[in-house]
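Data block below; observations after.
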Amino acid sequence: MPRRSVDHHVPYSPQQMFAVVADVTAYPQFVPYCAAMQVKSQKRIGDIETLMAVMTVRYKIFEEHFTSAVSLDHQNLHVDTTLVAGPFRKLENSWRFEAEGDGARIRFYLEYEFRSRLLEAMLGGVFHRMFANFEQAF
């Protein structure tokens with residue numbers, strides 16, 4: 001099961017970085033291959049906001065949609081995403097933002113598994129590149 005993790009310092013505040021990641025509707029403007037993003041529902045309990053979001057990913061002739069539950073912890077500056085529906089058996093990612101020096105330490109983790117070996121063989125390389133570009137967009 002492919003996993004990726006990134007841990008690095010950026011010259012922006014944790015709050016600024018959290019705001020960029022939390023604004024999922026802006027992803028089509030700067031995230032490679034993200035053709036559209038729709039928030040289907042949104043609820044907030046205390047500092048935790050939960051979104052049900054549908055992302056459309058487009059790469060050449062390939063187009064896929066997947067739905068995720070996105071948990072935004074405004075107090076702790078955590079973003080956690082879990083797959084609800086799509087081409088994966090498992091898709092989870094998390095973002096952590098911590099103050100560090102004059103900026104922020106970003107910790108990003110991604111784990112995914114396609115629904116079938118055939119889908120993995122057909123799309124695995126494409127999604128690996130897409131997720132690498134996704135990290136860099138932020």
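Since we're looking at a predicted model, the values are computed, not measured. Reckoned from all heavy atoms, side chains included, excluding hydrogens, waters and symmetry mates.
- Among all heavy-atom pairs drawn from A104 and S13, the shortest one is CB-C, 3.9 Å.
- Looking at residues two or more places apart in sequence or on another chain, you find a side chain to side chain donor-acceptor pair (under 3.5 Å) between T81 and N93.
- No side-chain heavy atom of V21 sits less than 4.5 Å from a side-chain heavy atom of L72.
- In the model, Y109 has a side-chain atom that pairs as donor or acceptor with a side-chain atom of E111 under 3.5 Å.
- Put simply, CD on Q75 and CZ on F18 are 10.5 Å apart, with the number rounded to the nearest 0.5 Å.
- Remark: S94 engages no residue in a side chain to side chain donor-acceptor pair (under 3.5 Å) (not counting sequence neighbours).
- Heavy-atom minimum distance, F66 versus G86: CB-CA, 3.8 Å.
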*Intermediate values then yes/no, side-chain contact (heavy atoms from CB on, under 4.5 Å), E92 and L83*: CA-CA 6 Å; E92 296 177 355; L83 178 72; over 6 Å; no

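- The aromatic rings of F97 and W95 lie parallel to each other, their planes meeting at an angle below 30°, with 60° marking the opposite boundary.
- How far OH of Y112 is from CZ of R3: 11.5 Å, rounded to the nearest 0.5 Å.
- Looking at every heavy atom in both residues, C34 comes nearest to Y27 through SG-CB, 3.9 Å.
- With sequence neighbours left out, the side-chain contact (heavy atoms from CB on, under 4.5 Å) criterion links A99 to P14.
- Contact check for D7 versus R105: side-chain heavy atoms found under the 4.5 Å cut-off.
- A search for side-chain contact (heavy atoms from CB on, under 4.5 Å) contacts involving Y12 returns V10, Q16, M17, not counting sequence neighbours.
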Report all side-chain donor-acceptor pairs from residues 44-51 shorter than 3.5 Å, counting only partners two or more places apart or in another chain.
unit_1 : atom_1 : unit_2 : atom_2 : d
R44    : NE     : G46    : O      : 3.0
E49    : OE1    : H74    : NE2    : 2.8
E49    : OE2    : Q42    : NE2    : 2.3

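- Scored by the side-chain contact (heavy atoms from CB on, under 4.5 Å) test, A35 finds T56, R58 as partners (sequence neighbours excluded).
- Listed by first and then second residue, the salt bridge (Lys or Arg N to Asp or Glu O under 4.0 Å) pairs involving residues 10-28 amount to none (not counting sequence neighbours).
- Here the CD atom belonging to Q38 is positioned 9.5 Å from the NE2 atom belonging to H65, to the nearest 0.5 angstrom.
- In this structure, OG on S68 lies 7.5 Å from CE on M37, to the nearest 0.5 angstrom.
- From H8, atom NE2 reaches atom CD1 of I106 across 4.5 Å, with rounding to the nearest 0.5 Å.
- With sequence neighbours excluded, no residue forms a side chain to side chain donor-acceptor pair (under 3.5 Å) with D102.
- In this structure T67 satisfies the side-chain contact (heavy atoms from CB on, under 4.5 Å) test together with M52, V54, V84, A85, sequence neighbours excluded.
- Salt-bridge annotation for K90 and E113: absent, with no side-chain N of the basic residue lying under 4.0 Å from a carboxylate O of the acidic one.
- Pairs of residues two or more places apart, or lying in two chains, that qualify as salt bridge (Lys or Arg N to Asp or Glu O under 4.0 Å) and include a residue from residues 69-85 are D80-R96.
- Side-chain contact between R107 and S5: absent, with no pair of heavy atoms (C-beta onward) separated by less than 4.5 Å.
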